[in-house]
Each structure stands twice: as structure tokens, then as C-alpha cells.
Amino acid sequence: MHPEVTESPLLQHLNDEQRAAVTLPNAHALILAGAGSGKTRVLTTRIAWLLSTGQIGPGNVMAVTFTNKAAKEMMTRLAAMLPVNVRGMWIGTFHGLCNRFLRAHYKLAGLPQGFQILDTQDQLSAVKRLMKQHNVDEERFPAKELQWFISGAKEEGLRPGAMEVRTEEDRRKVEIFQLYEEQCQREGVVDFAELMLRSYELLRDNDPIREHYRRRFHHILIDEFQDTNKLQYAWIKMFAGPGNSVFAVGDDDQSIYAFRGARVGNMADFVREFQVGHQIKLEQNYRSFSNILDSANALIAHNKTRLGKNLRTDQGPGEPVRIYEAPTDMAEAQWLVEEARQLAREGIPRHEIAILYRSNAQSRVIETGLFNAAVPYRVYGGLRFFERAEIKHALSYLRLLENPNDDTSFLRVVNFPARGIGARSVEQLQDAARASGSSLHDAVQATTGKAGANLAAFVAKIDAMRVETAGLTLREIIEVMLQRSGLIEHYRAERDGGDRIDNLEELVNAAESFVTQEGFGRDAVALPIDELGGTVLRQSPASQGLDPSLPEINEPAPDYVPPDAETGETLSPLAAFLTHAALESGDNQAQAGQDAVQLMTVHSAKGLEFDCVFVTGLEEGLFPSERSLADYDGLEEERRLMYVAITRARKRLYLSYSQTRLLHGQTRYNVRSRFFDELPEGALKWLTPKNQSFGGSAFGFGMGYPTSRGSSAGTSRASETFASPPVPAQKAEPAHGLRAGMKVFHAKFGEGTVLTLEGSGQDARAQINFPRHGQKWLALAVAKLTPVP
DNA sequence: GGACAGAGGCAGGGA
DNA sequence: GCCTCTGTCC
């Protein structure tokens with residue numbers, strides 16, 4: 001390697017591991033990047049280094065992420081390092097890049113140029129509609145399950161014809177899958193999985209196209225490789241021709257999406273199938289103090305299936321990891337609200353305080369606590385902007401302007417706002433459409449009577465709107481649609497319609513910024529970058545060894561679509577905006593700007609970091625979750641999830657759990673999570689006394705906690721004054737006198753340990769672990785159990 | 001067509 | 001306990 005290369009300013013602030021990864025030779029590589037080890041930095045610097053050393057041009061790189069956020073961050077950082085037109089580069093999400101690819105080759109892919117994308121909601125309603133039409137028993141085949149079946153199959157790369165059919169049930173499911181595909185094709189729509197699968201198939205089956213892209217992308221970089229599914233991995237392989245290199249970055253310890261098809265095994269497969277010669281571990285952590293890091297390391301070491309990695313830091317031990325046991329979930333919430341307020345008083349910005357939980361249902365009690373204490377907070381998750389009902393309605397009208405044959409959209413708004421078209425009329429229309437093989441829109445003319453008149457009026461309204469909006473700007477189109485559709489009027493009449501109207505107006509803004517910021521309609525202009533050793537962005541296809549007959553797609557704006565090679569036809573701004581709305585579901589609700597405590601699930605915290613982190617509800621059955629305990633992989637995934645949670649914290653980490661919790665309307669008695677026993681005692685500080693192993697309060701229920709309100713007169717924080725919860729412990733001793741963690745004797749099963757208690761009175765039952773007979777649920781009114789001292 | 005009541009179900013979530 | 005879906009009644 002040339003000395004001037006290693007002295008590049010790009011490499012100055014990298015450690016040895018990072019520098020080694022960034023400057024790897026042109027060959028396949030796997031980078032095992034631990035949490036907080038500068039993964040994004042390595043990815044972006046790698047691209048910048050390849051460009052600045054003149055090895056390749058911006059058109060020769062493809063970088064793939066899972067989220068829009070990650071893609072944007074990569075582009076922003078890269079733009080800060082080099083004067084390069086990042087928008088023209090192939091940096092994006094799997095689905096975003098597939099969309100771009102299919103728009104460029106829509107004819108070969110068998111799609112209309114303006115194909116629209118079904119989001120999860122649209123897909124579910126499409127499946128439901130199909131099921132109704134074909135009289136599928138919803139009891140036997142729940143629509144959600146079929147949706148899951150279809151997406152799952154596609155993510156395995158399977159079409160209906162390739163599915164294994166063993167039972168009558170299988171046969172029926174595959175049949176519906178087939179019908180669903182035909183329906184999508186007829187309506188010119190694709191779901192998320194279809195974007196991937198169709199791109200993959202085109203690359204697989206069309207040699208010239210595949211070779212074109214293989215010659216084009218010398219370097220393929222993949223972020224979060226541990227989260228790729230089977231189809232995504234196969235898709236990557238299509239691009240990886242001889243002479244190309246795949247640079248996969250991932251962390252097997254942070255694989256938490258197996259439940260939705262991610263195959264962490266892709267990492268090992270990649271190493272084997274690509275004969276990866278370069279594996280680099282990034283183990284230097286720049287985020288957390290060592291007490292936090294040691295806890296994470298100790299925990300994850302309990303997993304058996306790992307590639308092996310140990311994070312280290314140069315920072316000192318920092319503060320101990322604080323652990324708090326609460327008598328109830330309410331008390332837990334009270335405690336952490338108080339603690340968070342204290343942190344804020346000490347000058348920690350509220351947005352640097354995160355409260356994490358395993359499942360969304362847990363947020364309610366915490367929200368109540370924060371609300372009552374008037375602490376500003378922000379909850380992540382929930383409905384995104386483009387998923388809101390009023391926005392979906394508006395988008396449906398817009399889709400109908402673009403494509404009258406979009407039956408999903410037609411059905412969504414045919415009677416919204418209400419215009420006298422009931423279910424009966426719609427059914428008749430659907431029958432007519434099926435009989436004539438036409439879309440609902442086209443079938444309307446065949447209808448008669450009063451219902452027919454109403455339907456005709458609706459169609460006429462849509463068609464008139466299409467005429468009226470022809471030639472208007474995107475903004476004007478949306479404004480006309482909002483008025484003519486009656487949506488605004490409808491929500492104005494509704495009592496709580498104010499927010500919805502605000503959102504509809506926000507839609508106009510979203511469209512406006514889409515047009516201006518995304519630069520739609522303007523060809524992205526390539527910047528010659530002479531500073532980069534004479535690298536020129538735009539090279540003629542022939543000079544790059546590319547097939548000149550194929551569309552030139554070197555520098556598209558993110559949503560720029562190349563015009564049809566023959567007709568010059570291109571996507572309308574409206575169609576482009578609708579695609580954007582489907583691929584980028586937008587922010588979820590939040591009072592942005594307000595400095596607020598952050599509430600989210602552990603899953604959504606992945607990739608984020610905070611000064612102070614609370615991980616709450618650390619109880620057996622909740623975290624690790626009950627459903628994960630059935631299989632070994634499940635528990636390991638829960639442990640990885642816990643690992644992700646711990647490694648979010650920079651300075652201060654709190655872990656809390658509660659002896660009882662209201663879940664599904666029932667009080668559950670919980671044992672503290674087994675994960676506590678996997679943490680290094682030396683890094684911990686128990687704010688409440690540590691009980692005997694496997695949970696159960698050594699002090700008994702409601703004891704051991706001073707019932708006097710921890711006097712807030714003193715300046716000492718609640719947690720530092722030994723165990724003084726802000727509310728009195730609830731007297732919740734159940735009548736049967738059992739507690740989780742207690743040892744009991746059963747006449748048949750012998751001695752066992754109480755794991756979980758549920759219900760009360762006659763319904764009370766306990767889950768008990770008998771060493772000889774395994775775990776059993778026993779009805780306490782029936783089972784004769786005697787406590788063992 | 002809209003309001004209301006009762007039943008059933010309930011992880012994690014990006015595109 | 002809460003939300004969603006469905007069915008019923010006016």
C-alpha cells in the first residue's frame with residue numbers, strides 16, 4: 001500500500017481495526033462491528049476512501065441499509081467527507097433500491113411504469129378482499145395469518161408454484177397466494193416483499209441485465225448484515241460477480257429480528273460461500289463506561305451460538321449499573337419518573353434519558369406517571385404519518401387519479417366520506433367486475449338503479465378531478481383533491497376532526513418539500529470531482545464496459561425514474577410522491593423540538609444511544625418473554641435484545657423490575673429476570689436489597705420497603721436513599737400465600753419452585769418448576785401444595 | 001348510515 | 001385493561 005494512502009486525512013481519526021477495515025483490498029470482507037464501535041463511520045469512510053484514492057467512481061458503489069434513517073445518515077456523512085453528489089449514488093434501503101431498479105426495468109419486470117406499492121395495511125385489506133371474494137373461511141384462515149404466509153413465502157424466494165403442499169390446508173393457502181398474485185398483477189400494485197423478489201428474479205433470469213450491474217457495481221456494501229433474510233442475501237449474490245467485492249458489516253450479537261425472517265446464519269454462509277478472506281472485528285467501544293460494557297459482555301457470553309467478540313473501552317469504570325426492585329408496576333413507574341426528574345434537575349437534557357421496555361403495552365403505566373409529574377416525554381412507535389387513516393384516505397384518492405384500476409384504493413374511499421354506497425352496492429359492483437374481468441372503476445357503468453347512480457356519481461367525481469388536476473403542480477393537485485373529495489368538509493364536521501385536518505394540511509407540506517428537496521423533476525446533475533484525482537462522475541456507459549442499450553441510471557435523484565427508452569414517458573410527480581409515501585412511512589407522532597424523555601421498545605432503540613438509559617420490566621415471562629422461552633434460539637434472541645438494551649447507555653444505566661404487574665387485566669406475580677444472574681456483581685449496585693437467587697423477596701411481600709413517602713425534603717436522590725419508593729408498597733399478599741421463588745412440595749411431582757402466579761381466588765394458578773417433571777401449571781384450588789422452608 | 005355494546009385478542013417492527 | 005372488529009338497533 002502506498003504510504004500516501006494510509007496518511008489520507010480520512011484515516012486520521014480511525015483506530016487500527018477501523019483503518020484496517022476501511023483500507024481492505026478489493027475482496028470480500030466481513031466486519032464484525034460491536035455496539036458503539038463506529039460501524040457507520042467505517043462504512044462511510046470505506047466509500048470515501050475508495051473514491052478518494054481513485055479506485056472507483058461514485059457510480060461503482062452500491063450501499064444498502066435497512067432503514068431510511070441509516071441511508072440518510074450515510075449520505076450525510078459521506079457528503080461531509082467528499083465533494084460528491086451522494087444523491088446520485090446507489091445508497092439506499094433494500095426496498096428503495098429495488099424500487100429504483102424496477103422502475104428502470106419495469107417492462108422486463110412485467111410491471112406498469114407507474115406501479116404502486118402496497119404497505120402492510122394495504123396488503124392486509126387486499127388479502128381480506130380476496131378472501132371474501134373466494135369465500136375463504138376467516139375462522140380457519142385468519143387474514144393476518146395468510147398475509148404473513150404470503151410475505152414469508154416471498155421472503156424465502158418462493159412463488160406459489162414452488163410451494164410445498166402436504167395438506168388440504170396448505171393447498172388452500174397456496175391457492176389464495178396464487179389468487180393474490182393475480183390480483184396484484186391485475187391492479188398494477190406490488191407489496192414490499194414483491195419489490196425484492198421481482199428484482200431478484202429479473203437479475204437471476206436476465207443475463208444481460210445481471211452482467212450490466214455486475215460490471216457497474218465494483219463494491220457492494222451492506223449494513224446490518226445480521227438482519228438480512230434469505231431473499232436479501234440471494235439478491236446480494238446477484239450483484240456479486242467476479243472481481244466485485246462485498247463488504248458486509250454486522251453484529252451477530254445484535255440480531256434481534258429472527259422473528260421476522262432475518263437469518264443470522266447468513267453471516268456464516270457468506271464467509272463460506274464467498275470464501276471471505278478478510279474478517280475484522282471492531283471491538284473498541286467509544287460509547288459506554290466499562291461497568292456498562294462489562295455487564296453487556298458478561299451477559300452475552302451466556303449465548304452459545306456466537307461468532308465471538310468482546311467489547312473494550314478506554315474509559316474508566318464509570319458509575320455502577322443501578323438495579324431497582326419495585327413492588328408493583330405503578331411503583332416502578334413512580335420511581336423512574338422521580339429518578340428521571342432528578343437527572344433532569346442535574347442538568348442532563350431530557351432527550352438524553354431513555355426509558356426502554358420489552359413490549360409497547362408497558363408504556364402506558366410509565367406514560368401515566370410522566371404525565372402526572374408533568375415531565376415532557378415522547379413515545380416512539382405507533383402510527384407513522386403516512387399510516388394515519390385520514391392520510392391513507394387522501395392517498396387513496398390520489399392513487400385513483402393516477403390509476404383508476406387500483407381497486408384497493410377504490411374500496412377505501414368509495415364510501416368515505418359517506419355517499420350512500422353501502423356494502424350491498426359494493427358487493428354487487430364486485431360481482432359485476434369479476435364477471436367482466438374489469439376493475440371496479442370500469443364495472444360501474446354496468447350498474448343500475450339508485451345504487452348505480454351513486455356509484456356513477458363517485459366515478460364521475462374522480463374522473464372530473466383527474467381532468468381538473470391535469471397540468472397542475474403536485475401541491476395544487478392535493479389541494480383540489482382535499483376539497484373535491486369532501487375529506488376536509490367531513491373532518492370539519494367531526495368533533496375531534498381538528499387533528500386530522502392538521503394532518504391533511506401537513507400532507508400538502510410533505511408534498512411541497514418532496515418536490516423541492518428531493519429535486520423531483522430535475523435531472524440530478526453530476527458533479528465532476530476533479531479534486532478526487534480526476535475521477536469524473538459521469539462516464540459513458542461504453543467506457544465502463546456497460547451495455548449502452550440499457551438505461552443509463554448513473555445519477556438518479558432518490559426518486560428519479562428514468563424515462564421509458566422508447567416513448568420517453570416518465571413517472572408523474574404524483575406517482576413519484578405516492579411511491580415516496582409508501583417507501584418512507586414518515587415520522588411518528590411527537591412534539592418535536594420539545595426536550596422530552598424518550599420512551600420506546602428495546603427493538604426501536606437499536607442503533608440509538610443515550611447518556612442515561614432505564615431498562616424496565618426485567619421479569620421472567622416479560623423479558624425474556626414467555627413465548628421466547630419455548631425454544632433455545634428464542635432465549636438467545638432475548639439475551640441479544642437485552643444486550644442491545646444495555647449497550648444503548650453511555651454514562652448511566654438503570655435496570656428495574658417489579659414483583660407484580662397488571663397484564664391483560666390480571667395481576668401477575670413475577671420473578672426477576674434470569675438476566676440479572678448473568679451480570680457481573682462487581683459492576684452492579686442494588687438500590688433495593690438483592691434477594692435470594694431466582695427472585696422472590698427475601699423480605700416477603702410489601703415488607704422491606706419503608707411505607708413512608710421518601711421525604712423529598714432532602715437533596716438525596718430517591719435511589720441513593722436505600723429503597724424508598726415514592727409510593728407505599730401495595731399490600732397485595734395473595735390469599736394462597738405463595739410467592740414466586742418459593743419452594744413447594746407436591747404429592748406427585750415432589751419439590752419445585754414457584755415461577756409465576758396468576759389469577760386470584762378460585763382461579764389462582766401457579767407455574768411451578770419441578771426438577772424431575774418439568775414446568776407445570778397448577779390450579780391452586782385443586783393442587784395440594786405445601787411450602788418447603 | 002351511524003352509534004353503541006359485547007366479544008375476542010393481546011410481541012418485537014422496517015420498507 | 002384497552003383496542004378492534006362485528007353485530008344490532010334506531
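Predicted model only: the values in this text are computed from it and were never measured. Protein chains get the first letters and strands the later ones, always in sequence-line order, with residue 1 at the start of each.
A salt bridge is defined here as a Lys NZ or Arg NE, NH1 or NH2 lying under 4.0 Å from an Asp or Glu carboxylate O, and A/Asp253 with A/Arg639 fails to meet this definition.
Judged purely by distance below 3.5 Å, without hydrogens or angles, the side chains of A/Thr67 and A/Glu224 never pair a donor atom with an acceptor atom. A/Arg103 and A/Thr579 form a side-chain donor-acceptor contact under 3.5 Å, judged by distance and modelled atom types alone.
Using cut-offs of 30° and 60° on the angle between ring planes, the pair A/Phe94 and A/Trp235 is perpendicular. By the 30° and 60° cut-offs, the orientation of the rings of A/Phe410 relative to A/Phe458 is perpendicular.
Rounded to whole Å, the distance from CZ on A/Arg424 to C1' on B/dG1 is 15 Å. In this structure, A/His490 atom NE2 and B/dG2 atom C1' are separated by 10 Å, rounded to whole Å. Computed from coordinates, the A/Lys132 NZ to C/dC5 P distance equals 12 Å when rounded to whole Å.
Between A/Arg364 and the phosphate of C/dC3, there is a side-chain N or O to OP1/OP2 separation shorter than 4.0 Å.
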Could you run through nucleotides 8-15 of chain B and give me one letter per nucleotide, 5' to 3': B if any protein heavy atom sits under 4.0 Å from the base, S if only the sugar-phosphate is that close, - if neither?
--BBBBBB
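Using a 4.0 Å heavy-atom distance criterion, A/Leu118 is classed as making no nucleic acid contact.
Residues satisfying the side-chain contact (heavy atoms from CB on, under 4.5 Å) criterion with A/Asn403, sequence neighbours excluded, are A/Asn405, A/Asp406.
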